[in-house]
Participant: 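There's a structure below that I have some questions on.
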Number of protein chains: 2
Amino acid sequence: MTPYVLVVEDEDALATLLHYNLEKEGYRVSLAADGEEALTQIDEQLPDLIVLDWMLPKVSGIEVCRRLRGRAETRNVPIIMLTARGEETDRIRGLDTGADDYIVKPFSMVELTARIRAVLRRIRPGLAEDRTRQGDLTIDRVSHRVKREGREIHLGPTEFRLLDYFMQHPGRVFSREQLLDAVWGSDVYVEARTVDVHVGRLRKALNLDTEIDPIRTVRSAGYALDIDS
Amino acid sequence: MTPYVLVVEDEDALATLLHYNLEKEGYRVSLAADGEEALTQIDEQLPDLIVLDWMLPKVSGIEVCRRLRGRAETRNVPIIMLTARGEETDRIRGLDTGADDYIVKPFSMVELTARIRAVLRRIRPGLAEDRTRQGDLTIDRVSHRVKREGREIHLGPTEFRLLDYFMQHPGRVFSREQLLDAVWGSDVYVEARTVDVHVGRLRKALNLDTEIDPIRTVRSAGYALDIDS
DNA sequence: TGATTGCGTTAAAAAACCGTCACAATATTG
DNA sequence: CAATATTGTGACGGTTTTTTAACGCAATCA
C-alpha cells in the first residue's frame, strides 16, 4: 500500500509544491491549510506521516503536535516539522515537541523526501524498503552499500543516489532533465551533460571488464537500468 | 524476547518523549498516566521493568512501589524512579522504597537508557546482553573492556559508548547528528565535527598498523561499523 | 595540590568528489 | 559514404568533506 502523507502548510505556493513533488514520489498526498483543518482530516483518515509547518493559523503546529501525541490513536504517527531558520531551533532540537524529525526552510525536495523515507523506514519498516535487488545488483540504503555478484562496489554520493533512483524504477527510461530533477534536486542548476559523466562513472564502478552493462543508453531520450541479466 | 517497559508519568510531554526514545532503543513500551492506571496495567501484563514518576495523581509513585513490593508476583519487577531535584532525595537514596535505581530530573535519555540496561542486566541477566562480538571485536559492558584479536584495547568513556552503539547496530550508517543524539544525548549541544575527532580516536585505538579499519566513512552521510573481516 | 586524562573546538592538511569542457567515438540520416 | 547529431571519456580546476594535530579547559586521581 502506498503511504498516505498529510501536508499541513498555510503558505499556498509551498503547499502546492509539496503536493506536486510528494505525489510524484509515489505518495498519496492530502493538504490542510491550518491546524484545525489538519485535526479534522486526521480524524477522518489516519495518515502514515504528517509534514507539519511550525507556524500555522488557528491552531499552531506545536499545538497540533502536542494534541496528536496526547491521544493513543495518533501517538505513533510520525511527524516532520517545517521551521523557518532560527525559529526556536533549540527547542525543536530537544524534540520535546514529539516530532520525529524537522527540516529548516528553505529546503530542497530531495532532502525532504529523503527524510520522509528515513522516518517511514524507522517507524514503519516495510513501508519503505531498505534493500532492493535487481538482477545481480543489490543496493542497501541503511548500510549504504552496493554489491554486484557479492562484491562490494564503492560509489560517491551522487552516483549512489543515481543508482538508487534507477533501482527504484527499473526498466524505465529517464531523460537527463528528469534525472537532474530526481537525483540532484529541482532547485540546483547543473548542465544536462553532467548526467552523462555521472552515468559514465557509475558504469565504470559497476562493471568489471567482462560483465555486461546494466545501464542502457537510449539515444536522444536518456538512460535506463535494465532488469534482466 | 524484547523487554517490556511500563512508563508511569503524568506529564504528557515527558511521557511522549520517553515512549519515543525507549521504543527507538528497541523496548516494547506502554504508558500509564497515574498510579491507578499503572496498577491496572501491571495486573494485565507484568512488565520487565517499570519507569515510575515519584509524584503522581491518585496513587503516588511511592505508594505504587510499596504495593508492588508487597505482592509476591510483582516483588521482583525492577523499578527506576523519576524524581525532581531535591524531592526527598535522601529517602530515595536510602532505597527504603524498594526502587532499584532512581534518576533525577532533568536527565538525559542516554543516561536513562544506560540505567535501564544496567538494571535489566542486574535483575534479568540474558534480557540485556553483557557482551557483544562482531568479527574480531569484543565489547564487555560489565567489565568495561574491549578486545580485538584477544588483545586489550583501552578506550575513554566517550569512545567506549560510541563503539558500544556501533556494535549494537552493525553495518548501519549513522549521521553525525544521530550519533550525537544516541551517544552524547539529545540534550547536550556539541559541534558535529566532534564526532569525527572521536571516530578518529576510536580508530587509532582499535587498529594496529597492519589491521583493516572496521569503521567505514560514508562520505556526506556518516559512519558505520562493518561486520565482516 | 600537582599531574594526568579525557573532552570539545579549531585550523590546516589531505582526500574525495563535482561539474565542465574539449575531443574522441559512435550512431543516424540522407 | 559523407555529413551531422549524439554520446563517451579523460583531464582539470575548484569545492566540499574528512582527517589529523594541537590547544585550552575541566574533571579525576594520587
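As a basis for the values below, the full set of heavy atoms in this structure was taken, side chains included, without hydrogen atoms, waters or symmetry mates. In what follows, chains carry the letters A, B, and so on, assigned in the order in which the sequence lines appear, proteins first and then strands, with residues in each chain numbered from 1.
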Participant: Look at A:H198 and C:dT20 and indicate whether a side-chain polar atom (N or O) is within less than 4.0 Å of OP1 or OP2.
Facilitator: no
Participant: Tell me whether the OP1 or OP2 atom of D:dG8 has a side-chain N or O from A:T217 closer than 4.0 Å.
Facilitator: yes
Participant: Tell me if the side-chain of A:R193 makes a donor-acceptor pair with the base of D:dG8, cut-off 3.5 Å, by modelled atom types.
Facilitator: yes
Participant: Base, sugar-phosphate, or nothing: which does A:Y223 touch, judged by heavy atoms less than 4.0 Å apart?
Facilitator: sugar-phosphate
Participant: Write down the distance between CZ (B:R176) and C1' (C:dT9), rounded to a whole number of angstrom.
Facilitator: 15 Å
Participant: Within the 4.0 Å heavy-atom criterion, would you say A:S220 contacts the bases, only the backbone, or no part of the nucleic acid?
Facilitator: sugar-phosphate
Participant: Does A:V218 or A:K204 map to a spot on DNA chain D nearer the 5' end, using the closest nucleotide for each?
Facilitator: A:V218
Participant: Rounded to whole angstroms, how far apart are CG on B:L179 and P on C:dG8?
Facilitator: 13 Å
Participant: If I take atom CZ in residue A:F160 and atom C1' in nucleotide C:dA16, what distance separates them, rounded to the nearest angstrom?
Facilitator: 17 Å
Participant: To the nearest angstrom, how far is A:R219 atom CZ from D:dA5 atom P?
Facilitator: 11 Å
Participant: For a quick check under 3.5 Å, do B:T16 and A:R66 share a side-chain donor-acceptor pair by atom type?
Facilitator: no
Participant: Which sits closer to the 5' end of DNA chain C, B:P157 or A:Y189, going by the nucleotide each is nearest to?
Facilitator: B:P157
Participant: Looking only at heavy atoms, what is the nearest atom pair of A:R131 and A:T138, with distance?
Facilitator: CD-CG2, 3.9 Å
Participant: With a cut-off of less than 4.0 Å, is there a side-chain N or O of A:W184 near OP1 or OP2 of C:dC18?
Facilitator: no
Participant: Once hydrogens and angles are ignored, does a donor-acceptor distance under 3.5 Å link the base of D:dG10 to the side chain of A:R201?
Facilitator: no
Participant: How close or far is atom P of D:dT20 from atom CG of B:L202, stated in whole angstroms?
Facilitator: 13 Å
Participant: Against B:L31, only a single residue in B:V7, B:L6, B:D12 fulfils side-chain contact (heavy atoms from CB on, under 4.5 Å); can you say which?
Facilitator: B:V7
Participant: Rounded to whole Å, how long is the line connecting atom CD1 of A:I215 with atom C1' of D:dT7?
Facilitator: 14 Å
Participant: Write down the atom of A:P157, the atom of B:S220, and the distance for their closest heavy-atom approach.
Facilitator: CG-OG, 3.4 Å
Participant: Any base atoms under 4.0 Å from A:V197, or only sugar-phosphate, or nothing? Heavy atoms, all strands.
Facilitator: base
Participant: Taking salt bridge (Lys or Arg N to Asp or Glu O under 4.0 Å) as the test, write out the residues that go with A:D10, two or more places apart.
Facilitator: none
Participant: For the pair made of CG in A:D213 and P in D:dT7, what is the distance, rounded to whole Å?
Facilitator: 15 Å
Participant: Between C:dC21 atom C1' and A:D196 atom CG, what is the distance in whole Å?
Facilitator: 13 Å
Participant: Under 4.0 Å between any heavy atoms, over every strand shown, what does B:G200 touch: base, sugar-phosphate, or nothing? Just pick one.
Facilitator: nothing
